[in-house]
Amino acid sequence: MKIAAWNVNSLRVRLPHVLDWLAREQPDVLALQETKTENANFPVAAVAGAGYRSVYSGQKTYNGVAVLSRSDMLDPVTDIEGLDDPQRRILAVTVDGVRIVDLYVPNGSEVGSDKYAYKLDWLAKVGAWLEAELARHPRLVVLGDFNIAPEDRDVHDPEAWRDKILCSGPERAAFRAWLDLGLRDTFRQFEQPEKSFSWWDYRMNGFKRNLGLRIDHILASGGLECLSCRVDTGPRGLERPSDHAPVVAELRVGAE
DNA sequence: ATGGTAGGTTTCCTA
């Protein structure tokens, strides 16, 4: 299964990039974040024209997640017990026996802010749900925009970002706690170029100067073998790009 | 400490 995660920062604006990328990369599954599209306006027909089915959980203006797949998607879940959240950030589906959890983790704005407290609470509650989801589904993928750079090597300037949002100790601890549930960061299973990132600020020529962070991730459970994982920086260099690049992994059902 | 850019039922909010 070739699977990818991409924060598109408005699917309406990015639809041409997404359709071109699907045609070129031919993934089995593409998980989108920040679609910023109400369900009634989701571009189902354009996506179907590219050979993909759509499942989505959207809202006006902010957030929004969707999964595009060549195969049927079963048992969609958009809300979890104990998290009464109107923000559309979670979408789980099952494709070919693999449980796929598409997440748009809250940004958190600033360490110490109300949004930061919401982020940490969200991470704890979703983590508890993932633990149960892992017990139900030995073949589990958790992917999307985590808004967490797990380690200093995931940050272009670790000292400037020290204890800042996306890099703070509690955020990194929450990420590690998710790994400790039995998930692997597939990107780090392979040798990677130095300064590999998945997001670059639109400001200050961030992409051209590679002033990025690696905050988009594909985590896989022990029931899945990962054959490769990379960031495709190509779309970030296009005209009118998303500020994120797609992360792509090849998974195979393992022995477990 | 500030600002730069992008998207959105836009004159601020979010990232």
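Reminder, nothing fancy here: chain letters follow the sequence lines and each chain counts from 1.
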Atom-pair distance ([atom1] on [X]; [atom2] on [N]), nearest Å:
X       : N       : atom1 : atom2 : value
N63(A)  : dT14(B) : CG    : P     : 10 Å
E110(A) : dT14(B) : CD    : C1'   : 13 Å
Y62(A)  : dG8(B)  : OH    : P     : 11 Å
D201(A) : dG4(B)  : CG    : P     : 12 Å
L11(A)  : dG8(B)  : CG    : P     : 10 Å
N7(A)   : dT14(B) : CG    : C1'   : 12 Å
Y118(A) : dT14(B) : OH    : P     : 12 Å
R203(A) : dT14(B) : CZ    : P     : 14 Å

[X] side chain near [N] phosphate (N/O to OP1/OP2, under 4.0 Å):
X       : N       : answer
S109(A) : dA15(B) : no
R14(A)  : dG7(B)  : yes
K60(A)  : dG8(B)  : no

- Of the candidates dT9(B), dA15(B), dG8(B), the side chain of R89(A) sits closest to dA15(B)
- Message: From the set dA15(B), dG7(B), dT9(B), return the single nucleotide nearest to any side-chain atom of N107(A).
- Response: dA15(B)
- Name the residue closer to the 5' end of DNA chain B, choosing between M204(A) and R240(A) according to the nucleotide with the nearest heavy atom. M204(A)
- Heavy-atom nearest nucleotide on DNA chain B taken for Q87(A) and for T35(A); more 5' hit belongs to T35(A)
For [N] and [M], measure between their [atom1] atoms and round to the nearest Å.
N       : M       : atom1 : value
dA1(B)  : dC12(B) : P     : 25 Å
dT9(B)  : dC13(B) : P     : 16 Å
dA6(B)  : dT2(B)  : P     : 23 Å
dT10(B) : dA15(B) : C1'   : 15 Å

- Mark yes when over 12 heavy atoms from residues, nucleotides or ligands other than D114(A) sit less than 6.0 Å from its CG; otherwise mark no. no
- Message: Does atom CD (E110(A)) have a neighbourhood of more than 12 heavy atoms from anything else shown, all under 6.0 Å?
- Response: no
- Under 4.5 Å between any side-chain heavy atoms of L238(A) and W21(A), yes or no? no
- Message: Quick check: do L83(A) and I90(A) have side-chain heavy atoms less than 4.5 Å from each other?
- Response: yes
- Checking all strands, does F207(A) fall into the base, sugar-phosphate, or nothing category for heavy-atom contacts under 4.0 angstrom? nothing
- Between N63(A) and R89(A), a side-chain donor and acceptor under 3.5 Å: yes
